[in-house]
2 protein chains.
Amino acid sequence: MRKLKTFEELLDQKYGELGSAKRTAFEGKAMIFSVSEMLKNARKEAGLTQEQLALKVGTQKTYISRIENGKSDIQLSTLYKVFEEGLGKRLTISIE
Amino acid sequence: MRKLKTFEELLDQKYGELGSAKRTAFEGKAMIFSVSEMLKNARKEAGLTQEQLALKVGTQKTYISRIENGKSDIQLSTLYKVFEEGLGKRLTISIE
DNA sequence: AAAATTGTAAACCAATTGGTTAACTTTGCC
DNA sequence: GGCAAAGTTAACCAATTGGTTTACAATTTT
């Protein structure tokens, strides 16, 4: 009945599997990543392990891993928690 | 066990109930809205009823209403579908 | 190269989303 | 006011998320 694709899959579907620019951003730079990649990059840039991030967000490293590998869709509130509370980043959602 | 707040609630918690600028954008303008408000505004600007939007996205007007009133958390893929496929907007998720 | 640390995968499950119908309320129009 | 259109609310339910544990791979360190 419910047949939802993950956000990552939707992007892939529209922009092609690999390499294509995806409509997400990172650090306001030209490089454009999927949300999964954004998280992985931001976490590493912050010098945290998955376990350390998980602790700050109040979850398990296994769940962080799942997100970073695009294994499931993500709630907006989860995104917020991970980026803002976990990594101290400002999350912006905008449309043009 | 799972005790998640909606994205809207997280914003309220951090920025106060009313009037405060919230970390989402709309049309790249200075005005800043919550995702719910963004959707409502964008839909009206597009001149669509909830029912018409629902049809384009493949859901019911009741669900659109629920989102516009912040009644539940939202999956990233749903956001994408509604804004991009439903309203022809470009959705950008970025962090600073 | 063994040990330790870090990351991934699988499985389980309660709680929640998203799809849907039906009934009700609000808004706009004549 | 009365009618129609638009929007909201409640309820139901399958499928999915997010929390969690355990076990296994990969990477790093000594």
Side-chain angles (χ1 to χ4, degrees), chain A residues 1-13 33-87 91 93, chain B residues 1-13 33-87 91 93:
Chain A
M1 191 211 266
R2 191 142 82 93
K3 250 286 284 312
L4 260 168
K5 292 183 172 152
T6 67
F7 185 62
E8 308 295 320
E9 285 170 337
L10 282 171
L11 289 173
D12 282 348
Q13 177 183 293
F33 297 93
S34 73
V35 169
S36 293
E37 288 171 300
M38 274 168 68
L39 174 57
K40 193 169 228 155
N41 282 300
R43 177 178 60 79
K44 286 186 172 164
E45 203 169 74
L48 295 176
T49 66
Q50 289 183 343
E51 192 155 30
Q52 289 170 323
L53 175 56
L55 196 74
K56 297 182 89 179
V57 175
T59 183
Q60 254 59 35
K61 63 177 182 168
T62 50
Y63 182 55
I64 302 295
S65 173
R66 248 155 40 185
I67 301 177
E68 288 190 357
N69 291 294
K71 300 292 187 192
S72 81
D73 215 335
I74 314 177
Q75 306 280 355
L76 225 40
S77 67
T78 302
L79 247 205
Y80 182 92
K81 279 201 327 186
V82 173
F83 280 120
E84 300 245 347
E85 297 176 10
L87 296 172
L91 176 69
I93 291 156
Chain B
M1 191 213 265
R2 191 142 81 91
K3 250 287 282 311
L4 261 169
K5 292 182 172 151
T6 66
F7 185 63
E8 309 294 321
E9 285 169 339
L10 282 171
L11 289 174
D12 281 348
Q13 178 183 294
F33 297 94
S34 73
V35 169
S36 293
E37 288 172 299
M38 273 168 67
L39 174 56
K40 193 170 227 153
N41 282 298
R43 177 178 61 77
K44 285 184 173 165
E45 202 169 75
L48 295 176
T49 66
Q50 290 182 342
E51 191 155 31
Q52 289 170 323
L53 175 56
L55 196 73
K56 296 183 87 177
V57 174
T59 184
Q60 253 60 35
K61 63 175 183 173
T62 50
Y63 182 54
I64 301 295
S65 173
R66 252 157 35 188
I67 301 178
E68 288 190 359
N69 291 293
K71 300 293 186 189
S72 82
D73 215 336
I74 314 178
Q75 307 280 353
L76 224 40
S77 67
T78 302
L79 248 205
Y80 182 92
K81 280 201 325 186
V82 173
F83 281 121
E84 299 245 347
E85 297 176 9
L87 296 171
L91 176 70
I93 292 156

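A, B, ... follow the sequence lines: proteins, then strands. Residue 1 opens every chain. Remember, it's a predicted structure, so these values are computed and weren't measured experimentally.
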(message) At less than 4.0 Å, is any side-chain N or O atom of A:K81 found next to OP1 or OP2 of D:dG19? Yes or no.
(response) yes
(message) It should be established whether A:Y63 places a side-chain nitrogen or oxygen under 4.0 Å from OP1 or OP2 of nucleotide D:dG19.
(response) no
(message) Nearest 0.5 angstrom please: B:E85 CD to B:L53 CG, how far?
(response) 11.0 Å
(request) Grab the two heavy atoms, one from A:V57 and one from A:G86, that are nearest each other, plus how far apart they are. (result) CG2-CA, 3.8 Å
(message) Whole angstroms only, please: what is the NZ-P distance between A:K71 and D:dG19?
(response) 18 Å
(message) Working to the nearest 0.5 angstrom, can you tell me the gap between A:Q75 CD and B:L79 CG?
(response) 10.5 Å
(request) Round to a whole Å and report the spacing from CD1 of A:I64 to P of D:dT17. (result) 15 Å
(request) Rounded to the nearest angstrom, tell me the gap between atom CG in A:D73 and atom P in C:dG18. (result) 8 Å
(message) Expressed as a whole number of angstroms, how long is the span from B:I67:CD1 to D:dT8:P?
(response) 12 Å
(request) Just compare D:dT20, C:dG18, D:dG18 and give me whichever is closest to any side-chain atom of A:T62. (result) D:dT20
(message) Base, sugar-phosphate or nothing for A:I74? Non-hydrogen atoms, less than 4.0 Å.
(response) sugar-phosphate
(request) Rounded to the nearest 0.5 Å, what's the gap from CG on B:L87 to NZ on B:K81? Could you check? (result) 13.0 Å
(message) Looking at A:T59, I'd like to know whether one of its side-chain N or O atoms comes within less than 4.0 Å of OP1 or OP2 on D:dG18.
(response) no
(message) Counting the atoms with a prime plus P, OP1 and OP2 as sugar-phosphate, which does A:K61 contact under 4.0 Å by heavy atoms, base, sugar-phosphate, or nothing?
(response) base
(message) Whether A:Q75 contacts D:dT17 is assessed here as follows: a side-chain N or O lying under 4.0 Å from the phosphate OP1 or OP2. Is that the case?
(response) no
(request) For DNA chain C, determine which residues of residues 46-58 of chain A have any heavy atom closer than 4.0 angstrom to one of its atoms, and list them numerically. (result) A:T49, A:Q50
(message) Tell me the interatomic distance from B:N69, atom CG, to C:dT26, atom C1', rounded to whole angstroms.
(response) 13 Å
(message) Which residue in the set A:E68, A:K40, A:Q60 passes side chain to side chain donor-acceptor pair (under 3.5 Å) when paired with A:Q50?
(response) A:E68
(request) Please state how far atom CD in B:E68 lies from atom C1' in C:dG18, giving the value in whole angstrom units. (result) 16 Å
(request) Side chain of A:R66 only, please: which of D:dG19, D:dT22, C:dT17 is the nearest? (result) D:dG19
(message) Using a 4.0 Å heavy-atom cut-off, does A:K44 contact any base of the nucleic acid, only the sugar-phosphate backbone, or nothing at all?
(response) nothing
(message) Return the CD1 to CG distance between A:I74 and A:L39, rounded to the nearest 0.5 Å.
(response) 7.5 Å
(request) Would you kindly give the CD-to-P distance between A:Q60 and D:dC24, to the nearest whole Å? (result) 19 Å
(message) Within the 4.0 Å heavy-atom criterion, would you say A:S65 contacts the bases, only the backbone, or no part of the nucleic acid?
(response) base
(request) Please report the closest heavy-atom contact between A:Q52 and A:L48, naming both atoms and the distance. (result) OE1-CA, 3.3 Å
(message) On a heavy-atom basis, which atom in B:E84 and which in B:L91 lie closest, and how many Å separate them?
(response) OE2-N, 2.7 Å
(request) For B:L79 and C:dT17, give me the distance from atom CG to atom P, rounded to whole Å. (result) 13 Å
(message) Looking at D:dG7, I'd like to know if its phosphate oxygens (OP1 or OP2) sit under 4.0 Å from a side-chain N or O belonging to B:R43.
(response) yes
